[in-house]
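Along the sequence shown, the residues carry numbers beginning at 1.
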Amino acid sequence: MSEYRNRTSGEVKTVSELEAENKNMSFPKVWSESTLDALNVDPVLASPQPEPSGDYKVVVRNGVEQDSDDNWVYAWTEQDMFTEYEEDVTDEDGVTTTNVVTVQAQKDAYDAANTAFTAAQVRSQRDLLLSETDHYGLSDVTMSSDMTTYRQALRDVPQQTDFPSTITWPEKP
C-alpha cells in the first residue's frame, strides 16, 4: 500500500485518503513529481523491518523518518511482546473477580502454543512418511523386517526425548 507524508503537517496518508480529500482533482495512474507537489506530499518508501533482538520481543512500525538520502521511510521500534494486565472474570454465580495476567504466564502460554504447533507439523511430516510406505502393508505384499522397523521408528518419533524441538528421523530402507 502506497503511503505519502504531508510536507506541512507530517501526517501520513494512503492514496485512497488523499483521493478522498481531493475529490475535485483528477489523479494520473502514475504520480509524477508535479502530482506530489500539487498534493504537497512526499512518498514514503518501504524499509526493511529489522529482526527483534531477543526472545519475546517484537518490532512494530512507528511512523516515518528520513533516511540518509532524505527519503521518507518506515520507522521501526522494538518492544516487549507481553505486558502484565488485569482482566475481570465472572463465574457461573455472577461473581466477578479481577485476575492479574503476568508476563510469565503469557510467555508460558506462547511457548506452549508454539510447541503444540511444531509438534503438529512434525506429526504431519511423520504421517506423510508413513503414508508413503503404506503399500508395503497390503495383504498381497510381504513387508521386510527393515521396513517394519522403519515404520515403527516413525510411529515412535513423538516419544523421542526432545520432541518436537529435536527430531532424529529414521532412514528409509
Side-chain angles (χ1 to χ4, degrees), residues 1-5 12-16 43-69 71-173:
M1 166 177 32
S2 296
E3 293 181 318
Y4 296 86
R5 181 188 176 279
V12 176
K13 298 199 176 189
T14 65
V15 171
S16 299
V44 176
L45 306 176
S47 61
Q49 181 176 349
E51 290 294 319
S53 65
D55 293 339
Y56 311 113
K57 298 279 188 183
V58 292
V59 176
V60 295
R61 261 197 61 195
N62 186 25
V64 297
E65 62 189 4
Q66 273 188 306
D67 67 7
S68 59
D69 296 326
N71 292 314
W72 289 98
V73 297
Y74 296 154
W76 301 97
T77 187
E78 182 177 84
Q79 63 189 37
D80 291 328
M81 189 180 287
F82 305 110
T83 58
E84 188 171 289
Y85 65 93
E86 294 180 353
E87 66 180 0
D88 290 335
V89 179
T90 305
D91 67 15
E92 57 194 35
D93 296 327
V95 177
T96 301
T97 57
T98 300
N99 290 340
V100 175
V101 181
T102 65
V103 169
Q104 188 58 51
Q106 294 174 69
K107 287 178 180 179
D108 292 346
Y110 177 80
D111 290 343
N114 281 340
T115 298
F117 179 76
T118 302
Q121 286 183 310
V122 170
R123 283 188 177 96
S124 178
Q125 185 176 355
R126 183 264 329 253
D127 292 347
L128 177 66
L129 293 171
L130 274 169
S131 71
E132 290 173 354
T133 62
D134 280 349
H135 65 279
Y136 289 108
L138 297 173
S139 60
D140 61 341
V141 177
T142 303
M143 188 180 304
S144 70
S145 64
D146 287 346
M147 185 56 66
T148 302
T149 302
Y150 171 71
R151 288 176 54 84
Q152 185 59 53
L154 287 173
R155 285 188 212 92
D156 292 342
V157 163
Q159 283 72 46
Q160 291 182 10
T161 305
D162 292 327
F163 179 84
S165 60
T166 303
I167 304 298
T168 303
W169 292 100
E171 286 192 40
K172 187 175 179 179

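Counting all heavy atoms, side chain and backbone alike, S47 lies closest to W76 at OG-NE1, 3.0 Å.
With sequence neighbours excluded, no residue forms a salt bridge (Lys or Arg N to Asp or Glu O under 4.0 Å) with R5. In this structure D91 satisfies the salt bridge (Lys or Arg N to Asp or Glu O under 4.0 Å) test with no other residue, sequence neighbours excluded. Taking K57 as the reference, D80 meet the salt bridge (Lys or Arg N to Asp or Glu O under 4.0 Å) condition, with sequence neighbours excluded. Every side-chain contact (heavy atoms from CB on, under 4.5 Å) that E86 has, sequence neighbours left out, goes to T98, V100. For S53, the side-chain hydrogen bond (donor to acceptor under 3.5 Å, both in side chains) partners at least two apart in sequence or on another chain are E78. Partners of E92 under the side-chain contact (heavy atoms from CB on, under 4.5 Å) rule, at least two apart in sequence or in another chain, do not exist in this structure. Checked against side-chain hydrogen bond (donor to acceptor under 3.5 Å, both in side chains), D127 has no partners two or more places apart in sequence or in another chain.
Between T90 and D88, every side-chain heavy-atom pair lies at or beyond the 4.5 Å cut-off. The closest side-chain heavy-atom distance from Y4 to V12 is not below 4.5 Å. Looking only at side-chain heavy atoms (C-beta outward), Q152 and D156 come within less than 4.5 Å of each other. Contact check for V73 versus V44: no side-chain heavy atoms found under the 4.5 Å cut-off.
The CG atom of L154 lies 4.5 Å from the CG atom of L130; values are rounded to the nearest 0.5 Å. Within the model, atoms CG of D67 and OH of Y74 stand 13.5 Å from one another, a figure rounded to the nearest 0.5 Å. Rounding to the nearest 0.5 angstrom, the gap separating the OG1 atom in T133 from the CE atom in M143 is 6.5 Å. Atom CD of residue Q106 and atom OG1 of residue T83 lie 6.0 Å apart, to the nearest 0.5 angstrom.
Between Y56 and F82, the ring planes lie tilted relative to each other; the angle falls in the 30° to 60° range.
When atom types are taken as modelled, the side chain of D93 and the backbone of V95 share no donor-acceptor pair closer than 3.5 angstrom.
Results of the side-chain contact (heavy atoms from CB on, under 4.5 Å) test with R123 over R126, Q125, Q121 single out R126 as the only residue that passes.
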Extract all donor-acceptor atom pairs below 3.5 Å that involve side chains of residues 58-66 and protein atoms in other chains or at least two apart in sequence.
| residue | atom | partner | partner atom | Å |
| --- | --- | --- | --- | --- |
| R61 | NH1 | E3 | OE1 | 3.0 |
| R61 | NH2 | E3 | OE1 | 3.0 |
| Q66 | NE2 | D70 | O | 3.3 |

Contacts under 3.5 angstrom, residues 158-173 side chains, donor-acceptor by atom type, not counting sequence neighbours:
| residue | atom | partner | partner atom | Å |
| --- | --- | --- | --- | --- |
| Q160 | OE1 | T168 | N | 2.9 |
| Q160 | NE2 | T168 | O | 2.8 |
| S165 | OG | D162 | O | 2.8 |

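Residues in residues 116-154 take part in no ring-ring contact (aromatic ring centres under 6.0 Å, His included) pair, two or more places apart or across chains. For residues 95-112, there are no salt bridge (charged side-chain N to carboxylate O under 4.0 Å, His left out) pairs, not counting sequence neighbours. Pairs of residues two or more places apart, or lying in two chains, that qualify as salt bridge (charged side-chain N to carboxylate O under 4.0 Å, His left out) and include a residue from residues 128-154 are D134-R151.
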